[in-house]
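What follows is a single structure, written as structure tokens, with notes after it.
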Amino acid sequence: MSAVSNKAISDYLSKAGVFHSNRGYKFLMMGLRAILDGEVDRYCIQAVYDYVAIKSNVTSGTVDRAIRHAVRRTEEAVPNKEFFLRAADELALTADANAFIFESAKPPGQ
């Protein structure tokens, strides 16, 4: 499991303007978690859709449409793949930076 928490993913989506009541929110959470944990190839968006569809017991087309609808309502309104890549990069980099900062703040010998 990656160093990125589900709360960090949720906060990122909220900040981006994805509403929690939107069906695509759940699918974005699952897709980002799968990418960050290395369960799917981040550059193959169809693999993300298939993974989320299997976990949610829906079709990959349903996942695609729900995510597209959620992403279109954000300020950026970029393609789904671009949204996933930006979100995964930003979340991973933030987690790495926090780990570095908090790890170096520990007293010596711990």
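- Residues V18 and L85 are members of separate hydrophobic clusters, defined by side-chain heavy-atom contacts under 4.5 angstrom among Ile, Leu, Val, Met, Phe, Trp and Tyr.
- Of the charged side-chain nitrogens involved, none lies within less than 4.0 Å of a carboxylate oxygen, so that R86 and E90 do not count as a salt-bridged pair.
- In this structure, S21 OG and K26 NZ are separated by 14.0 Å, a value rounded to the nearest 0.5 Å.
- With hydrogens and angles ignored, the 3.5 Å screen pairs a side-chain donor or acceptor of N22 with a backbone N or O of G24.
- By the criterion of side-chain heavy atoms lying less than 4.5 angstrom apart, applied directly or through intervening Ile, Leu, Val, Met, Phe, Trp or Tyr residues, I9 is grouped together with V78 in one hydrophobic cluster.
- In this structure, T94 OG1 and D89 CG are separated by 10.0 Å, a value rounded to the nearest 0.5 Å.
- For the pair V71 and T74, the tightest heavy-atom approach, listed with the atom from each and the gap, is O-OG1, 2.6 Å.
- For A70 against L28, the heavy-atom pair with the smallest separation is CB-CD1, 4.1 Å.
- Pairs of residues two or more places apart, or lying in two chains, that qualify as salt bridge (charged side-chain N to carboxylate O under 4.0 Å, His left out) and include a residue from residues 10-20 are K7-D11.
- For the pair V58 and F27, the minimum side-chain heavy-atom distance is below 4.5 Å.
- Nearest heavy-atom pair across Q46 and S60 is NE2-OG, 3.4 Å.
- Closest of all the heavy-atom pairs between A8 and L91 is O-CD2, 3.5 Å.
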Next item on the list: Evaluate the side-chain contact (heavy atoms from CB on, under 4.5 Å) criterion for residues N80 and V48: first the C-alpha distance (whole Å), next the side-chain angles of each, then the deciding distance (0.1 Å), finally the verdict.
Entry: CA-CA 11 Å; N80 290 358; V48 176; over 6 Å; no

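- Atom CG of residue N6 and atom CE of residue M29 lie 4.5 Å apart, to the nearest 0.5 angstrom.
- Side chain of R23 to main chain of V63: no donor-acceptor pair is present (N/O by atom type, distance under 3.5 Å, no hydrogens or angles).
- For the residue pair I45 and K81, the shortest heavy atom distance occurs at CD1-CA, 3.9 Å.
- Applying the salt bridge (charged side-chain N to carboxylate O under 4.0 Å, His left out) test to every pair with at least one member in residues 44-67, sequence neighbours left out, gives these pairs: D64-R68.
- The shortest non-hydrogen separation linking A88 to R42 is CB-NH2, 3.8 Å.
- For the residue pair Y25 / S10, a side-chain donor-acceptor distance below 3.5 Å is found, with atom types taken as modelled.
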(Q) side-chain contact (heavy atoms from CB on, under 4.5 Å), that's the test. Do I67 and F83 meet it? Break it down for me. (A) CA-CA 10 Å; I67 290 174; F83 187 86; over 6 Å; no

